[in-house]
S.K.: 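I'd like to ask some things about the structure below.
The basis for the numbers below is simple: all heavy atoms, side chains too, and nothing from hydrogens, waters or symmetry mates.
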Amino acid sequence: MIKQFAEVIVDVPAMQTNQPYTYSIPTELINQVFPGMRVIVPFGNRKVLGFAINISEKEPDVSFALKDIEEVLDLTPVLNTELLQLANWLAQWTFSFKISCLQVMLPAAMRASYSKTIKLTSTEISPAVQKLFGDKNEIPFDTKTLTASAFKELSKLKRANQAEVLYQVRDRAKAKKVTAIQGCLSSDQLASARETLRANAAKSFQMLDYLTTLGLEQVTLKKAMQDSDLSAAQFTSAEKKGWLVKTKVEKYRDPYREAVIEQSQPKQLKPAQLTAVERINQAITDHQKSVFLLQGVTGSGKTEVYLQTIATALEKGQTALMLVPEISLTPQMVRRVKGRFGSRVAVLHSGLSEGEKYDEWRRIERHEAQVVVGARSAVFAPLEDIGIIIMDEEHETSYKQEDMPEYNARDVAIKRGEWHNCPVVLGSATPSLESRARAQKGVYEWLRLDERINGQPLPEVNLVDMRQALKTAPALDISAPLLSAIEQRLAQNEQVVLMLNRRGYSSFLMCRECGFVLKCPNCDISLTLHMDSRSMKCHYCGHEEAIPRTCPSCQSKKIRYYGTGTEKVEKELQELLPTAKILRMDVDTTRRKGAHAKILQQFGSKEANILLGTQMIAKGLDFPDVTLVGVLNADTSLSLPNFRSAERTFQLLTQVSGRAGRAEKTGEVLIQTFNPEHYAIQLAKNQNYEKFFGIEMNMRHRGGYPPYFFTTQIVVSGGSEAAVAKKIFGINGQLQKVLSPQAVILGPTPKPIMRINNQFYYQLVIKYKKEPKLEQFLEELLLSSQKDAARNLKVKIDRDPVDFV
DNA sequence: AGCACGCCGACT
DNA sequence: GTCGGCGTGCTC
């Protein structure tokens, strides 16, 4: 009799449980559990989800009795060897729990949902308890639905052994089922059925006609109703007569099914594109795990390079992974890829429902889709035999995940490229300094597209010096030159895109008498005004309150909002241009599913002539009639106390400038700024990335910042400020001993937003070139901090943070 | 993360 | 005297 044992990573995200637990596999499950499958296991006195990561037949040498695996949730592994190994690496690289890394690779629908019920085991119970149970003997048992006293009462019952608590673990993943019908009569039987009908039973005749054409084929009820023009009730009655059977069939939720997408053919390539395509194709053919930096100005045809190299991988029977920032995963973008590869494409992005994401994931897993286009988390798509990995807009900071595990999709993509021996293409008009520097050093292969495919010059960029212009400006946010430029375009029936740079900016309420600013009671930041819900909201904890009419501090009525919000600009603009049709696009107007696409579609069909929005309009939009792009406030992102602020500003301005004049019409860009001499703004005006790169590298060198130095951030948080401060200063002291004199520690300091949801945050940043002992120290730090976790003191380590203010 | 075990204060 | 507070430690 063979015995099997499984090593399982349990769904308990804590340092103490960050290790495999061994379970025995009961006889009825032998040869049914494989590494990469989800299982349900007893853990302590409850049940949890876990991932089997290893199966062995050797009895482990332990002094206690092993528990049995309770249930296997999958028929085939949901994570293959590659992804299991990747999870291991990810856990180490990001200092995260293994379980978090395994979970992040799967659609949310495949996580477990936990619930508890309490069941009576005795009949001698008090009337109070009887009332809670009603006529049932098992009811839900959790602190959220029960009142505190009821919970207490039931706990007492449990302690007295008059009731037992049952733990449920459920798989949230559910395939969508739809009703299908299938004829079950032969043509002879159909003919005889026809004879039993009354002559005036028109619908029944129609039903039999339809069933005759259908034969024994199975179709969805929805389609049958469309094809036959018969109602659902008529199909139900046909079922009763025994003419057909109804079944439930599994169906994919395809969010793009409705849209008819025109097929597109590969386009003729410009010489530079051709060189790039040939070079990448070569790497695909030779199974080279090289990384390419594809640096191409806006409109230079990077996408066509992506599409043609993906085609090469597909021709070789391989698959392709294409990552794009969430914000540019627009219907326009999806249409381009689907247009080339049709139903072989799976799309993964945050606009999909949990079920839709699960379905797309299954299409990939079952090899029904060979091309995956998606945002950050799509980097874990269960593709096999990947031939090429593409990351568009590689400089985008949204590729870094903000919560555990804090991975950067760029690192993961390169790691997967190594496993599959395939090229990784990083594309951008404004590469991150890190990638551009690596291209310089020859770590990445550098491919350049310097010309726009339509041979058009880049749009003319002009600056408006707001220090002067503000004196005569028609509105607070719109200068005279910008206004007249807008008027001119509108008169020519052309379109205008206006961008409000809201990075590090919000509209808050301030009293003009006493300077009082309305702040969040839980967090150390001012509340933001939301006109749509007529309330003040905290962007960090979600706290919401009414807009005060008088100052809470001095009772003055002169309390009003400051700052520039899209709503305010929209109002100003509408007053200046009463006939203009303005579409506003920001977090408020795009929150609803599909709203983003709808606004773009409205603008594309010229229902409006001005599109006013935040950063989200800077990327990937391609409207031929847009001839003017205005940036209302270039500086807000520049003034952030952040070493990347110049880079971000340059990237944003370059990108939004690319929105102007993409077809035959020449475009113009107007940038309003208070810092017209700043190099980031000057060089964005001249669209000179290379010069910007040179200057900015110099700045980074002098400041000792990436890419010259590595950085790692340590954040300690907790409810007691004293404890948090003590901990971070303790860590600082230990670090001083471990680090070489070449390393620099910034801080410790309170984070700029020191308090969020009544938790205090302190941080320190280590800048270093080579610290062989650091890695081990950080791992030990996490282990030694596990006791603090119970006392609500958390230590978080972030390798290569995107920014630290 | 839960949950039990265990040792100290304020109540029927 | 007990109930229940939350500090400590364990979960195959």
S.K.: Quick test of your reading of the model: are K796(A) and E406(A) salt-bridged, counting only N-O distances below 4.0 Å?
M.R.: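 Yes, this pair counts.
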S.K.: Check each of Y21(A), Y23(A), Y114(A) against F43(A) using the ring pair (Phe, Tyr, Trp, His ring centres under 6.0 Å) test, and report the only one that passes.
M.R.: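 The passing option is Y21(A).
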S.K.: Measure CD1/I55(A) against C1'/dC12(C) and give the value in whole Å, please.
M.R.: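 To the nearest whole Å, that distance equals 14 Å.
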S.K.: Are any of the side-chain nitrogens in E82(A) or R416(A) under 4.0 Å away from the carboxylate oxygens of its partner?
M.R.: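 Yes, charged N to carboxylate O under 4.0 Å.
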S.K.: Going by number, which of residues 65-72 of chain A have a non-hydrogen atom under 4.0 Å from DNA chain C?
M.R.: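 Going residue by residue through residues 65-72 of chain A, the ones with a heavy atom under 4.0 Å of DNA chain C turn out to be L66(A), K67(A).
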S.K.: Rounded to the Å, how far apart are L783(A) CG and dG9(C) P?
M.R.: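 Rounded to the whole Å, the gap is 16 Å.
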S.K.: Between R111(A) and E354(A), is there a side-chain N and carboxylate O pair less than 4.0 Å apart?
M.R.: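 Salt bridge between R111(A) and E354(A), a charged N being under 4.0 Å from a carboxylate O: no.
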S.K.: With a non-hydrogen cut-off below 4.0 angstrom, is F97(A) in contact with a base, only sugar-phosphate, or nothing?
M.R.: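 Result for F97(A) = nothing.
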S.K.: Over how many whole Å does the gap from Q16(A) atom CD to dC3(B) atom P extend?
M.R.: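 My rounded result for the distance is 16 Å.
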S.K.: Taking everything shown except Y167(A) itself, do over 12 heavy atoms lie less than 6.0 Å from its OH?
M.R.: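 Counting neighbours around OH of Y167(A), more than 12 heavy atoms of other residues, nucleotides or ligands fall under 6.0 Å, so yes.
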S.K.: Between atom CE in M15(A) and atom C1' in dG2(B), what is the gap in whole Å?
M.R.: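 Going from CE in M15(A) over to C1' in dG2(B) covers 19 Å.
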S.K.: Would you jot down, in residue-number order, the residues of residues 33-47 of chain A having a non-hydrogen atom under 4.0 Å from DNA chain B?
M.R.: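 Correct list: N45(A), R46(A).
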S.K.: For atom CD1 of I2(A), decide whether the heavy atoms of other residues, nucleotides or ligands shown that lie under 6.0 angstrom number more than 12.
M.R.: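 Enclosed: over 12 neighbouring heavy atoms sit under 6.0 Å from CD1 of I2(A).
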S.K.: Base, sugar-phosphate, or nothing for F64(A), non-hydrogen atoms under 4.0 angstrom?
M.R.: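 Since a base atom lies under 4.0 Å of F64(A), the category is base.
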S.K.: Measure CG/D11(A) against C1'/dG2(B) and give the value in whole Å, please.
M.R.: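 These atoms are roughly 12 Å apart.
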S.K.: Whole angstrom is fine here: how far is it from CG in L793(A) over to P in dA1(B)?
M.R.: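 From L793(A) CG to dA1(B) P: 13 Å.
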S.K.: Any idea which of dT11(C), dA1(B), dC3(B) is nearest the Y21(A) side chain?
M.R.: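 Comparing dT11(C), dA1(B), dC3(B) against the side chain of Y21(A), the answer is dT11(C).
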S.K.: Here's a test for you: under side-chain contact (heavy atoms from CB on, under 4.5 Å), which of V372(A), I389(A), N80(A) qualifies with L383(A)?
M.R.: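 Of the listed options, the one satisfying the test is V372(A).
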S.K.: I'd like to know whether CD of Q736(A) has more than 12 heavy-atom contacts from other residues, nucleotides or ligands below 6.0 angstrom.
M.R.: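 Count over threshold, so yes.
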S.K.: Touch check for E7(A), heavy atoms < 4.0 angstrom, all strands: base, sugar-phosphate only, or nothing?
M.R.: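 The residue E7(A) makes no contact with any strand.
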S.K.: Would you please confirm or rule out a distance under 4.0 Å between OP1 or OP2 of dG2(B) and any side-chain N or O of Y114(A)?
M.R.: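 For Y114(A), the contact criterion (side-chain N or O under 4.0 Å from OP1 or OP2 of dG2(B)) is not met.
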S.K.: Without decimals, in angstroms, what is the distance between I25(A) CD1 and dC12(C) P?
M.R.: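 Rounded to whole Å, this separation is 16 Å.
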S.K.: Strictly below 4.0 Å, N to O, side chains only: are R644(A) and E434(A) in salt-bridge contact?
M.R.: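 Result for this pair is yes, salt bridge flagged.
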S.K.: Starting at CG of N54(A) and ending at C1' of dC12(C), how long is that distance when rounded to a whole Å?
M.R.: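 Atom-to-atom, N54(A) to dC12(C), this comes out as 14 Å.
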S.K.: Side-chain N or O of Y23(A) less than 4.0 angstrom from OP1 or OP2 on dC12(C)?
M.R.: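 So the side chain of Y23(A) is within the cut-off, an N or O lying under 4.0 Å from OP1 or OP2 of dC12(C).
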